[in-house]
Every structure is written in structure tokens, then in C-alpha cells.
Amino acid sequence: MKIIVAVKRVIDYNVQVRVKADGTGVEKENVKMSMNPPDENAVEEALRIKEAGNANEVIIISIGDEKSQETIRTALAMGADKGILVKTDKEVEPLAVSKIISKVAEKEKPEIILLGKQAIDDDSNQTAQMVSAILNWPQATFASKIELKDNEAIVTREIDEGLETIKLSKPFVASCDLRLNEPRYASLPNIMKAKKKPIEIIEVGDLNIDIEPRIEQIKVEEPPVRQKGVMVSDVAELVNKLKNEAKVI
Ligand code: AMP
């Protein structure tokens, strides 16, 4: 049984993102890039499923430019078996990414596709849902626990009201929450081993998929700078400011 895990290369979450002066996007040159954080949870979960004897191959897919291979290598160093890079230098929207993942899944025939719940750069939270729709497979989004039983999975989901538990049949798509597990660090021997693991490179054009953007980005700008806070000396002064300056009471 195969598991496909989708990993995206994004600006590292510790980096202070800067908007380009011309407002066409954010600076990515000379900026530290990493695997999208919930995608690490997805990789970890796939490895745990394999280690429990419920899968025999973990395949990592990333859609992006040549450098996305580094992100795939990170997942291979964690323990995944092989990688697939679908190469494109263009920005791909979640719909295009979903079509690509679905197409690769039709060929690889996994029983589980794991993704992150959300990419921290575009904050779309759409890809898992669209992959599920395209393949017509059941989906479990925001998974914080996945238990496999024969041909079924019991998945606990993080929702606004608390925790929801659902049952799905395989094959299924799940998007992983940060609370799902604690991703492992790659050990040095595994980093060395990962260098020899195969990464298949597919040119996006060879998949015959329409990846044209459906969204036109008009402008990117910095959020307004927050005003400096003021210290008040007592409650009376606070109430006075809330009433007369902020006019919130
Ligand atoms: P999004 O719908 O853009 O918030 O992304 C949700 C998840 O889809 C991510 O956490 C990844 O698992 C996957 N994903 C999105 N974009 C890509 C990409 N370019 N390559 C591989 N996986 C991706």
C-alpha cells in the first residue's frame, strides 16, 4: 500500500517576510526556505503508518521549481522512500496543484494521500479538499489523529466546536493539523542515505493539465504598522481613554 505526501517549499516560518517595493509579491531571493510546517506532520504520519506495517511505500510529491528538490530530500531524510518533483517555474494555484497531485495519484495508485492543512504562504486551505473532489475520494481535513483499521480510517478532526471523529473508507485524502504528531528530525546517517534515494522529475507540460491561473493578483502590501501602546497609571485613566479616545465604551 502506497501513501503519497504533498510537501510545499515555502519561506521559513521564522523569516520576517518583506513585500517587494513594486508590490508584485514578496521577496524570495536569498531568503531561507523550508518545508511547509504541517507538511512535516503529514510526512511523519505517513512514516508512522508505514512503520506500523500498514503501508510499504511513502512517496513525496512537490510541485515547484528545481529547488523544491531540497524539500523533497528533507522528507526522504526523515525516512520517505522516493520523491516526485513536478517541475514548473510558474506560480501554481491550489487548483492546479490539486489537478497535478490527482494525476500523479492516478498513476501511482496510493490508498492514502496526506497533505498539510494549509500552506503558510498563501493560507489557501484548499488543496486537500480539491484533490478529494477531483478523485472523488472521501476527505478528512484538519486531522489530529488517524487510526487505520482494515479498509477504514477513524480520523479525529480539529474543528471550532472541539474534536470531531469521522470514519472514512480507503482510498482517502487527509489534511494534517500541527497537533497530529511531533515530526522527527532527520539523523545524519539518514541525511546521507537520502542522497541516494530516487527523485523522479516530471515536466509539468508533460502532464497535459491546464495550470493557467484563475486568480489575478492585483497588489501585495504590508499590513498597516500597529500604533505604539501607552501605559496608563490607573483604572480611571484607562476608562477615560476607552471612553473619550478609543470611544469603545
Ligand atoms: P493550500 O491549499 O495552498 O493551503 O495547501 C495545502 C497543502 O497542499 C499544503 O500543506 C501541501 O501539503 C499541499 N500543497 C500546496 N501547494 C503545494 C505544492 N506546490 N507542492 C506540493 N504540495 C503542495
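We count ligands from 1, going down the list as the structure has it; atoms in each ligand are counted the same way. Values in this document were obtained by computation on a predicted structure and should not be read as measured data.
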Q. Quick one: does Val97 get an N or O within less than 3.5 Å of an N or O on ligand 1?
A. no

Q. Based purely on interatomic distance, does Asp123 place a nitrogen or oxygen under 3.5 Å from a nitrogen or oxygen of ligand 1?
A. no

(Q) I'd like to check which ligand 1 atoms, numbered from 1 as shown, lie under 4.0 Å from a non-hydrogen atom of Asn125. (A) 1 (P), 2 (O), 4 (O)

Q. Between Arg18 and Glu27, is the closest basic N to carboxylate O distance under 4.0 Å?
A. no

Q: State, with a plain yes or no, whether a side-chain heavy atom of Val86 is found less than 4.5 Å away from one of Ile61.
A: yes

Q | Non-hydrogen atom of Ser62 closer than 4.0 Å to ligand 1 | A | yes

Q) Considering only the protein, which heavy-atom contact is closest to atom 8 (O) of ligand 1, and what is its distance? A) Thr127 CB, 3.3 Å

Q.
Counting non-hydrogen protein atoms only, what is the nearest one to atom 16 (N) of ligand 1? Give residue, atom name and distance.
A. Lys8 CD, 3.3 Å

Q: Number the atoms of ligand 1 from 1 as they appear, then name those within less than 4.0 Å of a heavy atom of Ala119, with their elements.
A: 1 (P), 3 (O), 4 (O), 5 (O), 6 (C)

Q) Honestly curious: do Ile211 and Leu115 fall in one hydrophobic cluster under the side-chain, below-4.5 Å linking rule? A) yes

Q) With a cut-off of 4.0 Å, which atoms of ligand 1 are near a heavy atom of Val7? A) 20 (N), 21 (C), 22 (N)

Q. Should the proximity of Leu115 to ligand 1, defined as any heavy atom under 4.0 Å, be assigned to the side chain, the backbone, both, or neither?
A. both

Q) Closest non-hydrogen protein atom to atom 7 (C) of ligand 1, residue and atom name please, with distance? A) Gly116 O, 3.3 Å

(Q) So, taking the atom named CD1 in Ile84 and the one named CD in Gln69, what distance separates them when rounded to the nearest 0.5 Å? (A) 12.5 Å

Q | Structural part of Asp122 in contact with ligand 1, heavy atom criterion under 4.0 angstrom | A | side chain

Q: For Asp39, take its heavy atoms, then give the atoms of ligand 1 lying under 4.0 Å from any of them.
A: 9 (C), 10 (O), 11 (C), 12 (O)

Q. Less than 3.5 Å between some nitrogen or oxygen of Ile63 and one of ligand 1, yes or no?
A. yes

Q) Is Lys20 salt-bridged to Asp22, going by a charged N under 4.0 Å from an acidic O? A) no

Q | SB check Glu212 Lys90 (cutoff 4.0 Å) | A | yes

**Q.** salt_bridge(Lys28, Asp65) N-O dist < 4.0 Å
**A.** no

Q: Just jot down the ligand 1 atoms closer than 4.0 angstrom to any heavy atom of Asn36, in number order.
A: 9 (C), 10 (O)

Q: Check whether any side-chain heavy atom of Lys8 lies under 4.5 Å from a side-chain heavy atom of Asp39, and answer yes or no.
A: yes

**Q.** Any side-chain heavy-atom pair of Val204 and Ile63 under 4.5 Å
**A.** no

Q. Would you call Glu158-Arg179 a salt bridge at under 4.0 Å N-O?
A. yes

Q: Report, in ascending order of atom number, the atoms of ligand 1 lying under 4.0 Å from any heavy atom of Ala6.
A: 11 (C), 12 (O), 22 (N)

